[in-house]
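As the structure lists them, so they are numbered: ligands from 1, and atoms in each ligand from 1. Numbers for residues simply follow the sequence, beginning at 1.
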Amino acid sequence: MEYERFSSTVDSHRPWVAAADRYEHFGYRRVGSSGLLLPPISLGLWWNFGDNRTFDSQREILRHAFDNGINHFDLANNYGPPAGSAEENFGRMLRGDFRPYRDELIISSKAGWDMWAGPFGTFGSRKYLMSSADASLRRMGLDYVDIFYSHRFDPKTPLEETIGALDTLVRQGKALYVGISSYSSERTAQAAAIAKDLGTPLVIHQPSYNMLNPWVEHGLLQTLEQEQMGSIAFTPLAQGLLTDKYLGRNEVERSGGRRSLEDQLTEENLKKIQALDALAQTRGQSLAQLAIAWLLRDGAATSVLIGASSTVQLDENLGALQNTEFSAAELSEISSITQGDAGIDWWKTSAIG
Ligand code: NAP
């Protein structure tokens, strides 16, 4: 008699269950003097979670992240591509997978860069921030985000108006915490004073920060400490430059990046990343792991906001947490390797204001 075989793994309607040991991988870090805690590594959805990637591959990465203790997902109105699609896809994942875990998740969004046509689809007016926050909540199917950011300083709108809009969002229950991104040290101090007066402190700053672009060390970190704010460092791997992808060992890998970093792949920068890689090896780490661990040293970032296009990358990056201690000799070797402008301060103009 012939037996017919059927799959026993069709479970598309069975709810996904997160790993029971998800909080046993690492400790969480307090954001400034607030009640907010973040994982040492957070995941950003800027690039690999739009309509350019399959929903299944996005879901695999997000489930894997959450299973491994990453409970902070960072979004913005314009993440995709196309703009808005990352929030829409994330909303679909929330409905399908993460809804039972909403109270464990820290979900952030932002407004400040170009989102829609006309004068109120960019920068920092009250009109833009309020309507963009509503649109983000709609796309994600949420009542509130955990953190809402002013994505960049607006030189033409009074800072009181931009920060006032953040305060209103908190008072309306649409954001639990608020922060700013890519503001200079001076503007951060001014914004923090305005927020304090309004009674809604800015708890977090999101600056670009990595070994090749340590601009925050020239004033901003000190300001954040004075203001008792935390920080979450974005583009910690210089969009892939601080990984083994561009070490020059493999031309195919070198040309396989998500975007062209050709301008940044100068001989000088290649020498720097090769020297950093050699140091990483003496610590038993990959270059990416060194870059992440370095940002988690004392006095640097509260959380490191990585991007990842696969669970393999995610696992490698999580491996950084095995060794986040640095000797004084290692720190001074890193600063002598990385000295000089690597030309990767892509967000410089927004921090000047
Ligand atoms: P990143 O961590 O510097 O770069 C991530 C990219 O590096 C990945 O997409 C991947 O490139 C590559 N990568 C990651 N791990 C790797 C590994 N182990 N080995 C080899 N390659 C690896 O960060 P980012 O994507 O530039 O930014 C991270 C997050 O920061 C964003 O998602 C967003 O949430 C936030 N952000 C904020 C702002 C702001 O203005 N506030 C601006 C930019 C970013 P492939 O995709 O090519 O594989």
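Counting atoms of ligand 1 from 1 in the listed order, those under 4.0 Å from a heavy atom of A238 are 3 (O). In summary, the atoms of ligand 1 found under 4.0 Å from a heavy atom of L237, numbered by their order in the structure, are 1 (P), 2 (O), 3 (O), 14 (C), 15 (N). Short contacts between ligand 1 and L45, defined as distances under 4.0 Å to a heavy atom of the residue, involve ligand atoms 32 (O), 34 (O). Near S181, meaning under 4.0 Å from any of its heavy atoms, are these atoms of ligand 1: 39 (C), 40 (O), 41 (N). Taking a cut-off of under 4.0 Å to the non-hydrogen atoms of N48, the atoms of ligand 1 that pass are 9 (O), 46 (O). Less than 4.0 angstrom separates some heavy atom of H151 from each of these atoms of ligand 1: 39 (C), 40 (O), 41 (N).
In this structure, R152 is not positioned above the aromatic face of Y183 in the sense of NZ or CZ being under 6.0 Å from the six-membered ring centre and within 45° of the axis. R283 forms a cation-pi arrangement with F326, by the criterion of a distance under 6.0 Å to the ring centre and an angle within 45° of the ring axis.
A distance-only check finds no donor-acceptor pair linking the side chain of T157 to the backbone of D154 [under 3.5 Å]. No donor-acceptor pair under 3.5 Å is formed between the side chain of R99 and the backbone N or O of M93.
In terms of polar-atom proximity, defined here as any N/O pair under 3.5 Å, G307 does make such a contact with ligand 1. Below 3.5 Å of separation, one finds an N or O of D74 facing an N or O of ligand 1. Every N/O-N/O distance between S182 and ligand 1 stays at or above 3.5 Å. Checking only distances, W46 does come within under 3.5 Å of ligand 1, N or O to N or O. Residue D244 has no N or O atom closer than 3.5 Å to an N or O atom of ligand 1. Close N/O approach between I306 and ligand 1 is not found [any backbone or side-chain N/O within under 3.5 Å].
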Criterion salt bridge (Lys or Arg N to Asp or Glu O under 4.0 Å) on D97 and R92, from CA distance to verdict: CA-CA 8 Å; D97 283 356; R92 191 176 152 201; over 6 Å; no

Walk me through it: do F98 and W16 pass the test ring pair (Phe, Tyr, Trp, His ring centres under 6.0 Å)? CA-CA 8 Å; F98 290 106; W16 173 69; 5.2 Å; yes

Can you list the steps and then say if F55 with F49 is a side chain to side chain contact (heavy atoms under 4.5 Å, CB included)? CA-CA 8 Å; F55 184 75; F49 297 86; over 6 Å; no

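Residue contacts with ligand 1, taken as heavy atom pairs separated by less than 4.0 Å, involve T243 solely via side-chain atoms from C-beta onward. For E316, every heavy-atom contact with ligand 1 shorter than 4.0 Å involves the side chain, none the backbone. Only the side chain of W347 comes within 4.0 Å of ligand 1, counting heavy atoms alone; its backbone N, CA, C and O stay farther away. The backbone and the side chain of Q239 each have at least one atom closer than 4.0 Å to an atom of ligand 1 (non-hydrogen atoms only). With a 4.0 Å heavy-atom cut-off, ligand 1 is reached by no atom of L242. Counting heavy atoms under 4.0 Å from ligand 1, residue P236 touches it through both backbone and side chain.
The side chain to side chain contact (heavy atoms under 4.5 Å, CB included) test with I306 is passed by exactly one of L314, D74, L295: L314.
The distance from the OG atom of S136 to the CE atom of M115 is 7.0 Å, given to the nearest 0.5 Å.
Under the 4.0 Å criterion applied to side-chain N and carboxylate O atoms, K196 and E227 are assigned as salt-bridge partners. Salt bridge D167/R171: present, at least one basic N to carboxylate O contact under 4.0 Å. Between K245 and E316 there is no salt bridge, since no side-chain nitrogen of the basic residue lies less than 4.0 Å from a carboxylate oxygen of the acidic one.
Checking G319, S309, S208, A320 against atom 48 (O) of ligand 1, the nearest heavy atom belongs to S309. Looking at N210, L305, L318, D315, it is L305 that brings a heavy atom closest to atom 35 (C) of ligand 1.
The shortest non-hydrogen separation linking M229 to T188 is SD-CG2, 4.2 Å.
Note on ligand 1: Y79 sits in its first shell, one or more heavy atoms being nearer than 4.0 Å.
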